[in-house]
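Please read the structure below before turning to the comments.
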Amino acid sequence: MTQEYIHFEYKTQILEHHLDSFGHVNNAKYLELYEEARWDFITANGYGLKEVKELKQGPIVLDVTCSFRREITNREWVTIKSHTIEIKSKIMKIEQV
């Protein structure tokens with residue numbers, strides 16, 4: 001059985017509500033942005049909220065590691081790149097950059 005690895009891009013703009021009082025993207029907002037991208041990735045590949053409700057099963061985040069590489073500024077457009085890195089049984093590992 002061949003594993004198909006999927007690549008997906010989600011473009012979004014950093015807005016004022018993403019920022020802390022110093023004008024930096026709040027650390028928790030990064031996870032919200034990645035979650036938006038994850039759901040867009042899942043939905044675009046045929047397993048969105050409709051399917052989750054119908055099947056009564058869905059994707060669950062088991063582990064998150066987040067590294068901050070550079071500052072992202074207000075009104076900057078960013079692209080979150082998501083791709084599968086491993087698929088084993090019911091577990092799919094996704095990397096987002």
Derivation of the side chain to side chain contact (heavy atoms under 4.5 Å, CB included) call for L19 and N26: CA-CA 5 Å; L19 307 177; N26 177 283; over 6 Å; no
Y47 vs V52, side chain to side chain contact (heavy atoms under 4.5 Å, CB included): CA-CA, chis, key distance, verdict: CA-CA 7 Å; Y47 199 78; V52 168; 3.8 Å; yes
Verdict with reasoning, L33 to V78, per side chain to side chain contact (heavy atoms under 4.5 Å, CB included): CA-CA 10 Å; L33 293 165; V78 296; 5.6 Å; no
From CA spacing to verdict: side chain to side chain contact (heavy atoms under 4.5 Å, CB included), T43, L49: CA-CA 7 Å; T43 302; L49 190 57; over 6 Å; no
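In terms of heavy-atom proximity, E71 sits nearest to G23 at OE2-O, 4.4 Å. Closest non-hydrogen pair, Y10 versus D40, comes out as CD1-OD2, 3.3 Å.
Here the side chain of Q13 pairs no donor or acceptor atom with the backbone of E76 at under 3.5 angstrom. In terms of modelled atom types and a separation under 3.5 Å, the side chain of N45 and the main chain of F41 share a donor-acceptor contact. Looking at T84, its side chain does come within 3.5 Å of a backbone N or O of I6 through a donor-acceptor pair.
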Between side-chain atoms of residues 90-97 and protein atoms elsewhere (two or more places apart, or another chain), which donor-acceptor pairs fall under 3.5 Å?
from : atom 1 : to  : atom 2 : distance (Å)
K93  : NZ     : E86 : OE1    : 3.2
E95  : OE1    : H83 : NE2    : 3.0
Q96  : NE2    : Y34 : O      : 3.1
Q96  : NE2    : S82 : OG     : 3.1

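Hydrophobic clustering (ILVMFWY, side-chain heavy atoms < 4.5 Å, transitive): L15 and I80 are in distinct clusters. Transitive grouping of hydrophobic side chains (ILVMFWY, heavy atoms separated by less than 4.5 Å) brings L31 and V61 into a common cluster.
Every ring pair (Phe, Tyr, Trp, His ring centres under 6.0 Å) that F68 has, sequence neighbours left out, goes to Y30.
Proximity of F8 to K81: side-chain heavy atoms (C-beta onward) are nowhere separated by under 4.5 Å. Within the 4.5 Å cutoff, no side-chain heavy atoms of D20 are placed close to those of K29.
H24 contributes atom NE2, which lies 11.5 Å from atom CD1 of I72 (distance to the nearest 0.5 angstrom).
For I60, the CD1 atom counts as loosely surrounded, since its 6.0 Å shell holds 12 or fewer non-hydrogen atoms of other residues, nucleotides or ligands.
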